Every structure is written in structure tokens, then in C-alpha cells.
Amino acid sequence: MRYLPHTQGDLQEMLQAVRAQSLEDLFSSVPDACRREQDLRLPGPLSEWELDTHLKQLAETTGPGQGRASFLGAGSYDHYIPATIQALASRSEFYTAYTPYQPEISQGTLQAVFEYQSLCSRLLGLEVSNASMYDGATALTEALFMALRIAKKKKTVAVSKAIHPHYRQVIRTYFEPMGFTVLELDYTAEGQTDTATLQANEDLAAVALQSPNFFGCIEDLSSWAERLHANKALLITAFSEPLAYGLFKSPGSLGADIACGEGQSLGISQSFGGPGLGLFTTRKDYMRNMPGRLVGQTRDRDGKTGYVLTLATREQHIRREKATSNICSNQGLCATIAGMYLASLGGTGLRDLAVLNRDKAEYLKQQLREAGCQIPFSATTFNEFVVRFPAAKQDIPERLLARGIIPGLHLGPYYPELEDHYLLNATETKSKDDLDALVKEVAA
Amino acid sequence: MKEFDTPGASGLIMEEPLLFAKAKTGRSGFSLPSRDVPRAELPPEAETRRPDLPDLSELEVVRHYTRLSQWNFGVDSGVYPLGSCTMKYNPKINEKLAALPGLAGAHPLLPEAMSQGALRLMFELQELLAEITGLDGVTLQPAAGAQGEYAGMRIFYAYHQKQGQTRRKVLIPDTAHGTNPASAALCGFQAIPIPSNAQGILAAESVAELMDTDTAGIMVTNPNTLGLFEENIGDIAQIVHDQGGLVYCDGANFNALMGIADMGRAGIDVLHLNLHKTFSAPHGGGGPGSGPVCVHKELQPFLPLPWIVKNEQGYTLVHEAPDSIGRLHAFYGNFGVMIKAYCYILSMGPLLKQASQCAVLNANYIKEALKEAFHLPYDRLCMHECVFTDQYQQEAGVSTLDIAKRLIDLGFHPPTIYFPLVVQGAMMIEPTESETKEDIDSLIRAFLQIAREACEAPDELHKAPLKTKRKRLDETLAARSPCLTG
């Protein structure tokens, strides 16, 4: 077996050195009652060629197929990934390393993550960023816990119903044992979180919004920030589409105290939903309350600039049960990839790409409207929006699917009041022909 | 000359400034798809300026990250005996297959009819892990080992709620992984420490003393962080079960046990695995990992949603179940990592047992070769790793940190240091099965050379490493005046 280098001779010599007769002897500390009664019943071993064939078959039965267009977004976005990303992320010095516990031989990872932190904090308009969370949902959950830590005695948070339903499900899982109150804020006819649903509440530690929200609508963050700060509560802004901040004002500049969310759009493959990347940024004042790893700048013995993991006193291996989180391994390689992607785009490229995304979606929105569809929410959107197909043509989604076009996400299972609504996404990877083909089917 | 004036300032290890120092507005490393739709009017919420990110050319980006990669040490660079991290070889075929466009490009919310390949892969991986561990139900959703621990504790909580009980405590031995107490605390449990005995393992009596009906259960790392099998696990499980509690096993060290142990028979109710340790997925310099959780059949109803079910039509997702703890991840977890583990298991098949045997052999071989020169606090058969201390070298003022840094100059990644906390100045060495006898002999020679140097020239060791791009870094300075962005 090519992954097992021991020859029979090696085994004999090594067993002799440890004074054992056989490999089985090495396991004498495992009591019989804890042992397997049968050998492993596993398929294989497969040769590399057999494995390749098998996986290709699995890959062929996944996805809409060649040349078919999908308008699915809803937290996972189809963006073009430059060839450089795969080439650079495949450097095995990056991907076969562990967490950079030995900084002198991990400066590559450490500098790349330091740059990632810098890029995220610039993109989101906040002073500090951590080295990543698992994904957008867990980043938001940890942000709510962090706000409760900062607020000390308060026990309530409010979460907008226009946040990704899966993110809200994760919040529910994590909050249930903890005894905090989670209020839900409704959304308005325009598609934004309804300020009227939030009553004055002295116990409120934070409000979490998503912008662009699950319906693709931009939230009015500055007025929320003003209102919350007047009541000594924090504003948490989540997102599932960070490219929006190539065009829209950053959450930090509008008063968000924590901005966190999913970074898959930043050069990371969709990969059936993971690995993605949890972005997490906040104000410097709250740095020591942050969850997750941080990379900081320092100097070596010769006075040269270098990077290390820092502020570990917040973390689980030192603080144990009093840690700010239990996270250790995060999404390091994905953070490095996001850095590579943002460095490739630059500020100029990111702006151009964001504008193009919005223009594609606006074109599609306009064409669908002309084809008789209703666009129920009037708030500004980025590259995603909600559509109600004409009432007389209830068969549109089926018809589209039959043509190999995936008409976005059906909202009914998530929002019963939006039963016949779909969430459509159009990025730079949808050509005008793709958009026109969808509209043509809808109009037919 | 300033630090970054010439790239070749330290031999062939290129210097490289931060991205921000290289940028020039107007450069681009990205090929923007051409515009075929009209420009829409900018909305009032738009920012008027471009984001403040550095503009670089494609070659600048490529050189930047290529140079950074050259300052990193990975498994592909050399021996990486980092204890409890299982730095085994990361097969290249797995990387290639995880990047197949059909899998890497799959949207997580595709209609089920279009996700059959991905669902089948996950379903089969669950079955394979159940067979390997001896447990019944598996979730792949946790994105890392720590989230697996969390899922386990969350299942403890849900199980006791279902029995109409709120139990407040969880027992955690001093030889458990450092994350365990934090994971328990995230579910509102109080972590109660239990000391290990003189043999480095947990005595059943210590558990019996502390186990009561206010205790949800125990979290045992097995093999523990001293590299020892918890031999009393069967009795411990009995004691915990008798009081209505559950037994969690941190299976991060499962690389010692494949094909050997049956965790179901050992009385384990919940166990997490690390696909990025035992099952060869790369660690990525800090993730993404994957921490599947395997449970006894009685706990299957509590597993996180969605579940993958196989029926006559194929594979389908179940989104509702009354006792489930709910969702842990925006989608299904780190699917890309699961592909690599699946490929590894199919490539190895029943030879996984041999992998565990060789991993244990390598660790014992190192232990025997070094125990004269380094203090071995628990001199007995070890599993996949062995733990030494710096007690002998301390006489000359040489610490574990010095030994670790000197190993770097000799061409090796250091072991895990100062962990577990149960021994002072710990060095935890885990060679894995991937290393040849020749490479292990060379690692042993390096350790022995350092032991000699500690006697002959201890002061030199404080200066190590000398050959790296950066010398020993000031971690106190970094923490005292934090600079987290450039």
C-alpha cells in the first residue's frame, strides 16, 4: 500500500526494538471487552484508477449538468474563480501545514492570515477581524453570544426574520440550552426588517440584521445603529454575500458593532455548501471579547517584523471553560483563499465586479417584471431578489426545471406567507443569453 | 538599506512585504467577465468610492503567495510529529477528486434529483464511519473537532431534557483535550475536573466518587493526551450509565484504534472523529476540518438536521425530527473535506487496521529510543503518541521550548509542546504511520543530538532557531500591544 512505507524487514526490526513479538502485542492495553469481534468490513482497497472512476460517476450525478443555468443563490453563490486561486491554494506548503503553533516555520500562513484580517476589516469598515469562523451561520451565532458577554447582565437579543433561515436555525440550536431570550423581528412590505416590531427593552443586548438580507434587500443600517446605540444595545450585521460591499456602504461605516457572515463568494468553491468561511469583524474596543484565533504583528530576536497567533488568553486551551468560544481549527485555508481573491481583484476590481453583479440582477428583474412577474419587495437589492411568477402560470417552475433551468429557491417551505415566491440570484457568471432564456420561458 | 529593499536579503528565502505595501491603484489581477447588460443607476445606499483594498497585477499576486508558501513547513516538506494532530500524508488523488467540477461546483440547495452523487457520498461515508467506530448513527455536519464536541454535549443536553431532567455538570479528566471544557460550557454545563492516576489513566473509583444524578456524563479523550488507552473505560461507562449519565469519547486520537477497538462495546454513547487527522484530509494551516459525530442507536433521534435517508428513489434529506438538536451549520458541514476522507477510506479499505498498527509501532519505537535521554513520565506501552518532558535538560537550563526550536534548525517540525498540562514541560510526539523507519531514525538522532547539546552548549539552544526566515518571535510584545491589521 503506497501510504504505508513499512517493509516486512522494518516491521521486524522495529518490533524487536520495542520488545514485542507482533503488532498485536502493541495493543495489550486495550481490554478484550473494548475490542472488535470481527475484522473491518470495508470495501476496497481501491486502486487510484478505480477510485477516480467511482468519484467521477458520483460527480456526474450531481449538479444541473453541462450548459444548464441555475439561479440559486440563498447563501451559496456561483462566482468565477480565477485560475490563480487554484494554483496558489494548491501549494502544499499551505494546505499540508497545521495551525501555526511554531511561528518561525509558519510565517507564510501567519502573514497570509494577517493580510486576510486586514482585508476583511477594510472591506467591512471595522477595526479588527479574527482569523475566521466555520461559516456565516456559526459566525452570527457567536456574534450574538459575544454581544451578551459585552452587555454582561442583559439576557435578550433580537434577530430579524429576514436573516437566512438556516442561520436562524443554527442560532436556535446554540441558544436553547443557554437560557437567553431570542426575539424575532418581522419584515415590512418593502422587504426590510420592521423597526416597529422592536419594543423598547432594557434587557436587549443586541439586534442582528442581515444586509443584503435573505430576500436580497439592503437594510437601513444607520438608522438601526442610531436607535440601538441610544439604548446601549449593539448592532450586529450579518451577510451571506460579501461582494455587496464592493458597491454598498460598509456595515462598520454605518455603525455596526460586529459585522460577520459567509465569505464563500470570495474565491471559494460552492462545494455543496462547505467548506465556506465565517468572516468576523468588530470594533477594537471589543477585541478581547472576540471568539476565535487572531494573528498579530510582532518582532523577532533580530528586530525583524513577523507574525504570531496572539491574545490566546481568550481561547479554550488557556481559559478552558471560561473561553470566549470553543473554536480552535477554523477555516484557515479558505481565509487564505479569500485573501488571494481580494488581492487579485483589488479595490478597483471589486467595485467593477460588484457593479456588474447588480447590473445583471437589475436587468433580470426588469425583464421579469415586463414578462408579468411581480417583484414584491421594493427595497434596493444587490444580486438577488424575490419574484412572484404570474398567478395564471403556476407551472413555470416545473417548466423551467424540465428545461434544465433551476429557477432559484422556492420560499414557501421557509416562509409560508411567500408560498408562490422564488428567490433568484444572478452573478457575473450569468450571460445575457442565460437571463433572456429564463425570461423567455417565463413569458411563454 | 531598509528591510524590504531587496528580495534576496536572506539567501534564497525571499523577503516579501504586506500586500498593501506593494499595491498601486489601477493594477488588476482579475479578468472581469464582459458587460452584456446595461448599467443600472446607482442606488442611494451605494458607496461613492471604491473599497480600500490594494490593487496588484496577476504576477504580483502569484509571487506574493508563492513566496509566503516558501516560509511554511507542511507534511509535504518533512517529518511533522505534532502530537494529537495526526499529521499523516494527505494523498494527492483526494485533492484532485474533491476538486471535480461536479462536486466542487455543486450548489447545496440543488433539487435532490440533481444532488444524488453528493448525497450518496455522504450517506456512504456515514456508513463507513459507523463500521470503523462500532457505533450506529453518524452526522457529518460539525465543521471541526471542537464543533463535534459541541454537538456531543448538545446531544447530552437534549437527551436529559427528553428524560425530563436538567443536569448541570460534566466530568472531564485532566488528560482530555483542551477544548472539552469550553465545549461543555457552551451547553451550559459546569466542567468538573477529574485527576488521572499514577499510571496516567482514569481510575473507575475517581469517576464513582464524582458521578451523581446532577451530572450529565463524562467526556473522555481515548487514547488520552498522554497517548495511553483508558483501560478502565468499560467500568467507567458502567458507573456513568448506572447514574443515568452518558459517555462521550473525544476520538481525535482514533488513528491508534482503527480495526482494533469497538467503541460501542466499550460503552461509548457519543464519539467525534477528526477527518483532517485520522482520515488524511489536510489541515490547511488551520482548517477547514471536519468533526463527524457517531452515536449509539438510542441517541440517533437527537442527531442534527438535516438527515440523509436512503429509499427506493435514492437519497433524500429529512428536515424535521422532533428530538433532533437542530442545525449546526448553514448547510451540511465541510463537504469538500468529507470527499477526501471518503477517498482515503476507500483507498485503504481493511488496511486501515495496518495504518493504526504502524502508527502505534512508530510511536513506541521513538519512545524506546529516547527514554534514556529524555524523561518519560509514564513508562509503558503507548498508543499513537508518546509524551516526554524536559526534566533532564532543565538541569542545564534548557527547556522544552529550546528543544522544539532547535529541532527546527535540524529540519523537523517540533512536537506539540507544553501539552498536556498534566505533565510539566511536555513534548508530545506523534509520528503517524506515514513516516519511514529511516526518517524516524533521523528524527531520533536529532533529538539525541539536542540532548547532547543541552549538556555541552546549553546557551546555544536558547538562540534556536537560527536558520529560519525569522528568529524566535516575541509573543509577549504581540499580546501587549496588539496589531491585528495592516
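The chains referred to below are lettered A, B, ... by the order of the sequence lines, with proteins before strands, and numbering in each begins at 1. On a predicted model such as this, the values are computed, not experimentally measured, just so you know. Below, all heavy atoms of this structure are taken into account, side chains as well, without hydrogens, waters or symmetry copies.
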Counting N and O atoms only, with roles assigned by atom type, does the side chain of [X] sit under 3.5 Å from a partner on the main chain of [Y], one being a donor and the other an acceptor?
| X | Y | value |
| --- | --- | --- |
| A:N326 | B:A182 | no |
| A:T173 | B:R327 | yes |
| B:R265 | A:R35 | yes |
| B:E131 | A:R41 | yes |
| A:H166 | B:A330 | yes |
| A:D52 | B:L97 | no |
| B:H107 | A:S76 | yes |
| B:E368 | A:V18 | no |
| A:D359 | B:A40 | yes |
| A:E115 | B:L19 | yes |

Where on [X] is there a heavy atom nearer than 4.5 Å to chain A: the side chain, the backbone, both, or neither?
| X | value |
| --- | --- |
| B:P33 | both |
| B:L484 | both |
| B:R154 | side chain |
| B:Y65 | both |

Of all of [options], which one pairs up most often with chain B through heavy atoms under 4.5 Å apart?
| options | result |
| --- | --- |
| A:S106, A:A323, A:A17, A:G246 | A:S106 |
| A:T310, A:L311, A:L51 | A:L51 |
| A:Y3, A:Y245, A:Y363, A:Y80 | A:Y3 |
| A:P275, A:G44, A:G332 | A:P275 |
| A:R172, A:R293, A:E13 | A:E13 |
| A:S118, A:G346, A:S92 | A:S118 |

Flag the one option from [options] with the top tally of heavy-atom pairs under 4.5 Å to chain A.
| options | result |
| --- | --- |
| B:L257, B:L186, B:L128, B:N364 | B:L186 |
| B:P288, B:G234, B:A266, B:S28 | B:P288 |
| B:T485, B:L351, B:L32 | B:T485 |
| B:A106, B:G333, B:G102, B:G105 | B:A106 |
| B:I339, B:N90, B:L109 | B:L109 |
| B:A99, B:P44, B:A369, B:C187 | B:C187 |

Exercise. Take B:R120 and A:L58 through the test side-chain contact (heavy atoms from CB on, under 4.5 Å) and record every step on the way to the result.
Key: CA-CA 8 Å; B:R120 178 179 159 195; A:L58 294 181; 3.8 Å; yes
Where on [X] is there a heavy atom nearer than 4.5 Å to chain B: the side chain, the backbone, both, or neither?
| X | answer |
| --- | --- |
| A:R36 | both |
| A:I218 | side chain |
| A:L15 | both |
| A:L356 | both |
| A:V308 | side chain |
| A:L247 | both |
| A:M178 | side chain |
| A:L350 | side chain |
| A:K322 | neither |
| A:D135 | side chain |
| A:L353 | both |

Quiz item: If we ignore angles and hydrogens, is there a donor and acceptor under 3.5 Å between the side chains of B:R50 and A:T348?
Solution: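 Judged by distance alone, the side chains do pair up.
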Quiz item: Can you check side-chain contact (heavy atoms from CB on, under 4.5 Å) on A:V355 and B:R39, steps first, answer last?
Solution: CA-CA 8 Å; A:V355 169; B:R39 267 180 194 279; 3.7 Å; yes
Heavy-atom distance under 4.5 Å between the side chains of [X] and [Y], does that happen here?
| X | Y | answer |
| --- | --- | --- |
| A:F27 | B:V360 | yes |
| A:L42 | B:M348 | no |
| B:L53 | A:L345 | no |
| B:L68 | A:T336 | no |

Quiz item: Stepwise, does the side-chain contact (heavy atoms from CB on, under 4.5 Å) test hold for A:L11 with B:C358?
Solution: CA-CA 8 Å; A:L11 292 175; B:C358 292; 4.2 Å; yes
Practice problem: Decide yes or no on side-chain contact (heavy atoms from CB on, under 4.5 Å) for A:Q107 and B:E16, but give the supporting numbers first. | Solution: CA-CA 11 Å; A:Q107 284 298 299; B:E16 181 67 8; over 6 Å; no
Would you compute the distance between atom [atom1] of [X] and atom [atom2] of [Y] and round it to the nearest 0.5 angstrom?
| X | Y | atom1 | atom2 | result |
| --- | --- | --- | --- | --- |
| A:S325 | B:Q147 | OG | CD | 9.5 Å |
| A:T109 | B:N72 | OG1 | CG | 3.5 Å |
| B:S347 | A:M1 | OG | CE | 5.5 Å |
| B:L18 | A:Q297 | CG | CD | 6.5 Å |
| A:T298 | B:L477 | OG1 | CG | 4.0 Å |
| B:D76 | A:R91 | CG | CZ | 11.0 Å |

Quiz item: Would you call B:E47 and A:R351 a salt bridge, using N to O less than 4.0 angstrom?
Solution: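 Judged by the 4.0 Å cut-off on N to carboxylate O distance, B:E47 and A:R351 do not form a salt bridge.
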Quiz item: Is the shortest distance from a Lys or Arg side-chain nitrogen in B:R470 or A:D302 to a carboxylate oxygen in the other one below 4.0 Å?
Solution: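 Not counted as a salt bridge, because no side-chain N and carboxylate O are separated by less than 4.0 Å.
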Exercise. Scan residues 97-109 of chain B for pairs that pass salt bridge (charged side-chain N to carboxylate O under 4.0 Å, His left out), counting only residues two or more places apart or in two chains.
Key: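 Not a single pair qualifies under salt bridge (charged side-chain N to carboxylate O under 4.0 Å, His left out).
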Quiz item: In chain order, what residues pass the side chain to side chain contact (heavy atoms under 4.5 Å, CB included) check against A:P82, with sequence neighbours excluded?
Solution: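 A:P82 satisfies side chain to side chain contact (heavy atoms under 4.5 Å, CB included) with A:T84, A:I85, A:Y341, B:F30 only.
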Quiz item: Are the aromatic ring centres of A:Y174 and B:Y150 under 6.0 angstrom apart?
Solution: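 Aromatic pair counts; centres sit under 6.0 Å.
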